[in-house]
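Just so it is clear: chains get the letters A, B, ... in the order the sequence lines come, proteins before strands, and each one is counted from 1.
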Number of protein chains: 2
Amino acid sequence: MLSKKTKYGIKALTYLAKQQHGVPVPISTISEMENISLKFLESILLTLRKSGLLGSKKGKGGGYYLLKNPDDIRMTTVMRVLEGPIAMVPCVSLNYYEKCDDCPNEAECAVHHLMIQVRDSNLKIYGETSLADLINY
Amino acid sequence: MLSKKTKYGIKALTYLAKQQHGVPVPISTISEMENISLKFLESILLTLRKSGLLGSKKGKGGGYYLLKNPDDIRMTTVMRVLEGPIAMVPCVSLNYYEKCDDCPNEAECAVHHLMIQVRDSNLKIYGETSLADLINY
DNA sequence: ATATTACCCTACTAAGTCTATAGGGTTAAA
DNA sequence: TTTAACCCTATAGACTTAGTAGGGTAATAT
């Protein structure tokens, strides 16, 4: 299941992508427009800022804004920041690999092979989709 | 993340698929061969039996066995029984559809569109992969 | 028959995650 | 210097996960 955090995060990013580039949008505005609890959204945007996707400006007229062009933000990045590893098991994770306790032989593990396929197909989708793609229809 | 339940369930199924068709295998055997806690495995096999994938035989010489040929067991079925819906959000689930509380317009929701792609690609993989495919290499 | 093997079922629980909520602190612009 | 808005920490209820515990029931071999 996709967490609400990720869902809300993507919605916030797409909202920002629709605005004029570089102009800060207050959390409260995004919260109202996308029906997201203000405080929860605050923590999500903070995560996105720390990851380098968003910039922020304090004080009156401040808010959050995209640091890059929506065309240059791939969903792989977004998913990894918000949801964590793309892989469904650590033993097929490219960035967070971990050996399984119970698997004596990874090369012969059926789950391993299946999950590599799932990982690759999802990576392909996320890699080929940019934030700009999400708002174009 | 894939739950241990699903992971262990798939391992148990592949183990059974490698055995002579129709011959019952005791839980204890699978537990030892696949390094799975006996009691936990018991509850997983029970789930699989209730779903119609496995049959069981009681008493001495009893155990669990596949009810169908490994070629005829698709991973879509297995994943739905063990892990639940394939879709990452209820609003793109084929079998467990649910509207989102926060979405005023599903057709224009960016998350919705993205997750439909993910669902379809995963459905394709699970649908094209049988239990027999998992043990053939 | 009866002992044994193995399935069947319920209940419980420690640990972790999710989805927030609460409350205040800090910064910078007007 | 006021105020809008970001920044940060702590907490908590609900839920899920990954088991553990303990026994009940059925069927087989002898």
Contact under 4.0 Å: B/Tyr8 side-chain N or O vs D/dA18 OP1/OP2: no
Minimum side-chain heavy-atom gap B/Asp102-A/Glu34 below 4.5 Å: no
Rounded distance (Å) that lies between atom P of D/dA18 and atom CG of B/Leu38: 18 Å
Beyond-backbone contact of A/Tyr15 with A/Thr29, side-chain heavy atoms, under 4.5 angstrom: yes
Nucleotide C/dT17, atom C1' - distance to CE of B/Met1 in whole Å: 12 Å
Options C/dA30, C/dC9, C/dC7, nucleotide nearest the side-chain atoms of B/Ser56: C/dC7
B/Lys39 NZ to D/dT17 C1', straight-line distance once rounded to whole Å: 19 Å
DNA chain C: 5'-proximal contact among A/Lys5 and B/Lys50 (nearest heavy atom): B/Lys50
Evaluation steps, side-chain hydrogen bond (donor to acceptor under 3.5 Å, both in side chains), between A/Ser3 and A/Thr6: CA-CA 5 Å; A/Ser3 67; A/Thr6 302; 3.1 Å; yes
Polar side-chain contact B/Glu42-C/dC7 base: donor and acceptor under 3.5 Å: no
Any A/Ser37 side-chain N or O less than 4.0 Å from OP1/OP2 of C/dT19: no
Heavy-atom pair of closest approach, residues A/Ile44 and A/Gly9: CG2-CA, 3.7 Å
Nucleotide nearest A/Leu46 (side chain, heavy atoms from C-beta), chosen from C/dT19, D/dC8, C/dC7: D/dC8
Closest nucleotide among C/dA20, D/dC7, D/dA18 to the A/Lys4 side chain: C/dA20
Nearest-neighbour nucleotide for the A/Tyr64 side chain, D/dA18, D/dC6, C/dT19 considered: D/dC6
Given DNA chain C, 5'-ward residue of the pair A/Lys57 and A/Leu2, judged by closest heavy atom: A/Leu2
Gap between atoms CG and P, on B/Leu54 and C/dA6 respectively (whole Å): 17 Å
Whole-Å distance separating the CD1 atom of B/Ile36 from the C1' atom of D/dT20: 17 Å
Any donor-acceptor N/O pair, A/Asp72 side chain to A/Lys68 backbone, under 3.5 Å: no
Spacing between B/Phe40 atom CZ and C/dT10 atom P, to the nearest angstrom: 18 Å
Among D/dC7, D/dA26, C/dC9, the nucleotide that comes nearest once only the side chain of A/Lys58 is considered: D/dC7
Residue-phosphate contact under 4.0 Å: B/Arg49 side-chain N/O, C/dA6 OP1/OP2: no
Per B/Ile27 side chain, nearest of listed nucleotides C/dT19, C/dC7, D/dG23: C/dC7
Atom pair distance, as rounded to whole Å: CD in A/Glu83 and P in C/dC18: 8 Å
Short side-chain to backbone donor-acceptor contact, A/Ser93 and A/Val89, under 3.5 Å: no
First of A/Leu45 and B/Gly59 reached from the 5' end of DNA chain D, by closest nucleotide: A/Leu45
Value in whole Å for how far the P atom of C/dA20 lies from NZ of A/Lys7: 10 Å
Minimum-distance nucleotide (side-chain atoms of A/Pro26 versus D/dC6, C/dA30, C/dC7): D/dC6
